[in-house]
Amino acid sequence: MRIGKDLIDAIVAHSRDDLPNECCGLIGGSDGEMKSVHRARNAAATWLRYEVHPTDQLRIMDRIEADGEEMVGIYHSHTKSDAYPSQTDINLAAAWPDPLYLICSLADRDDPVVRAFAIRGGRVEEVDLDVV
Ligand SMILES: [Zn+2]
(Lines give C-alpha, C1' and ligand atoms only; values in the text may rest on other atoms or scores of the structure.)
Protein backbone atom coordinates (compact mmCIF):
# COMPACT_ATOMS: atom_id res chain seq x y z
CA MET A 1 0.00 0.00 0.00
CA ARG A 2 1.43 3.35 -1.06
CA ILE A 3 1.15 6.31 1.27
CA GLY A 4 2.60 9.80 1.03
CA LYS A 5 5.12 10.91 3.62
CA ASP A 6 2.87 13.94 4.22
CA LEU A 7 0.05 11.62 5.32
CA ILE A 8 2.36 9.78 7.72
CA ASP A 9 3.40 13.17 9.10
CA ALA A 10 -0.27 14.14 9.52
CA ILE A 11 -0.98 10.97 11.51
CA VAL A 12 2.04 11.57 13.75
CA ALA A 13 1.00 15.22 14.26
CA HIS A 14 -2.53 14.16 15.25
CA SER A 15 -1.10 11.53 17.61
CA ARG A 16 0.96 14.22 19.34
CA ASP A 17 -1.88 16.77 19.41
CA ASP A 18 -4.23 14.38 21.21
CA LEU A 19 -1.82 13.34 23.95
CA PRO A 20 -2.33 12.12 26.60
CA ASN A 21 -5.24 10.32 24.87
CA GLU A 22 -5.18 8.01 21.90
CA CYS A 23 -6.21 9.70 18.69
CA CYS A 24 -8.07 8.14 15.77
CA GLY A 25 -9.08 8.91 12.23
CA LEU A 26 -9.93 7.54 8.83
CA ILE A 27 -7.89 7.27 5.64
CA GLY A 28 -9.27 7.63 2.15
CA GLY A 29 -7.67 6.25 -0.96
CA SER A 30 -8.01 4.48 -4.26
CA ASP A 31 -6.01 2.28 -6.60
CA GLY A 32 -3.82 0.86 -3.86
CA GLU A 33 -2.81 4.26 -2.57
CA MET A 34 -3.74 6.12 0.58
CA LYS A 35 -4.59 9.68 -0.41
CA SER A 36 -6.24 11.51 2.47
CA VAL A 37 -6.11 11.55 6.26
CA HIS A 38 -9.17 12.71 8.22
CA ARG A 39 -9.05 13.39 11.93
CA ALA A 40 -11.90 12.07 14.06
CA ARG A 41 -12.62 12.59 17.72
CA ASN A 42 -11.89 9.68 20.01
CA ALA A 43 -15.30 9.22 21.63
CA ALA A 44 -13.67 7.15 24.37
CA ALA A 45 -11.28 10.05 25.16
CA THR A 46 -8.74 7.91 26.95
CA TRP A 47 -5.19 6.67 26.44
CA LEU A 48 -6.47 3.08 26.81
CA ARG A 49 -8.41 2.69 23.60
CA TYR A 50 -10.08 4.52 20.76
CA GLU A 51 -13.61 4.77 19.49
CA VAL A 52 -14.18 6.71 16.28
CA HIS A 53 -16.85 9.29 17.10
CA PRO A 54 -19.97 8.17 15.16
CA THR A 55 -20.86 11.67 13.93
CA ASP A 56 -17.31 12.21 12.69
CA GLN A 57 -17.35 8.81 11.06
CA LEU A 58 -20.44 9.62 8.99
CA ARG A 59 -19.16 13.07 8.04
CA ILE A 60 -15.76 11.75 7.00
CA MET A 61 -17.15 8.81 5.06
CA ASP A 62 -19.39 11.21 3.10
CA ARG A 63 -16.38 13.37 2.37
CA ILE A 64 -14.25 10.43 1.26
CA GLU A 65 -17.01 9.25 -1.05
CA ALA A 66 -17.52 12.79 -2.43
CA ASP A 67 -13.80 12.86 -3.25
CA GLY A 68 -14.17 9.65 -5.27
CA GLU A 69 -12.16 7.66 -2.76
CA GLU A 70 -12.88 4.70 -0.53
CA MET A 71 -12.26 4.33 3.16
CA VAL A 72 -9.12 2.22 2.99
CA GLY A 73 -7.71 2.67 6.46
CA ILE A 74 -8.31 3.50 10.10
CA TYR A 75 -5.51 4.94 12.20
CA HIS A 76 -5.03 5.42 15.90
CA SER A 77 -2.18 6.06 18.26
CA HIS A 78 -0.56 4.10 21.03
CA THR A 79 0.78 6.52 23.58
CA LYS A 80 2.82 4.05 25.61
CA SER A 81 2.97 0.76 23.74
CA ASP A 82 4.42 -0.53 20.48
CA ALA A 83 2.79 0.01 17.10
CA TYR A 84 1.10 -3.39 17.20
CA PRO A 85 -2.63 -4.17 17.56
CA SER A 86 -3.81 -4.82 21.11
CA GLN A 87 -6.42 -7.46 21.86
CA THR A 88 -8.91 -4.57 22.11
CA ASP A 89 -7.92 -3.46 18.60
CA ILE A 90 -8.34 -6.99 17.28
CA ASN A 91 -11.79 -7.27 18.84
CA LEU A 92 -12.82 -3.89 17.42
CA ALA A 93 -11.63 -4.83 13.94
CA ALA A 94 -13.98 -7.82 13.82
CA ALA A 95 -16.82 -5.43 12.95
CA TRP A 96 -14.79 -3.73 10.21
CA PRO A 97 -12.44 -6.20 8.54
CA ASP A 98 -11.78 -4.45 5.21
CA PRO A 99 -9.72 -1.36 5.99
CA LEU A 100 -6.09 -1.52 6.99
CA TYR A 101 -5.24 -0.49 10.51
CA LEU A 102 -2.43 2.00 10.95
CA ILE A 103 -0.99 2.42 14.41
CA CYS A 104 1.28 5.28 15.40
CA SER A 105 3.35 4.54 18.48
CA LEU A 106 4.62 7.41 20.58
CA ALA A 107 6.19 5.07 23.13
CA ASP A 108 9.41 6.86 22.21
CA ARG A 109 8.19 10.43 21.88
CA ASP A 110 11.20 11.40 19.79
CA ASP A 111 10.92 8.49 17.40
CA PRO A 112 7.30 7.85 16.35
CA VAL A 113 6.68 4.58 14.54
CA VAL A 114 3.79 3.98 12.11
CA ARG A 115 2.96 0.43 11.00
CA ALA A 116 0.01 -1.04 9.09
CA PHE A 117 -1.92 -4.24 9.66
CA ALA A 118 -4.70 -6.27 8.16
CA ILE A 119 -6.83 -7.64 11.01
CA ARG A 120 -9.25 -10.29 9.84
CA GLY A 121 -10.85 -13.19 11.63
CA GLY A 122 -8.89 -12.39 14.76
CA ARG A 123 -5.59 -12.67 12.88
CA VAL A 124 -3.05 -9.90 12.53
CA GLU A 125 -0.87 -9.57 9.45
CA GLU A 126 1.54 -6.70 8.93
CA VAL A 127 1.24 -4.89 5.61
CA ASP A 128 4.23 -3.09 4.13
CA LEU A 129 3.76 0.63 3.69
CA ASP A 130 5.42 2.02 0.60
CA VAL A 131 6.11 5.58 1.78
CA VAL A 132 6.49 7.93 -1.17
ZN1 LIG B 1 -4.58 0.19 19.69
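In listed order, ligands and their atoms are each counted from 1.
Residues His14 and Tyr75 place their aromatic rings such that the two centres sit under 6.0 Å apart.
Other residues, nucleotides and ligands place more than 12 heavy atoms under 6.0 Å from the CZ atom of Arg120. Under a cut-off of 6.0 angstrom, the local environment of CD in Glu126 is crowded, with over 12 non-hydrogen atoms contributed by other residues, nucleotides or ligands. For Arg123, the CZ atom is loosely surrounded, since the number of other residues' heavy atoms within 6.0 Å does not exceed 12.
One finds an angle of 100° at the Zn ion (ligand 1) between NE2 on His76 and NE2 on His78, to the nearest 10 degrees.
Restricting Asp89 to its N, O or S atoms, the one at the least distance from the Zn ion (ligand 1) is OD2.
Metal site remark for the Zn ion (ligand 1): Glu22 contributes no N, O or S atom at a distance under 2.8 Å.
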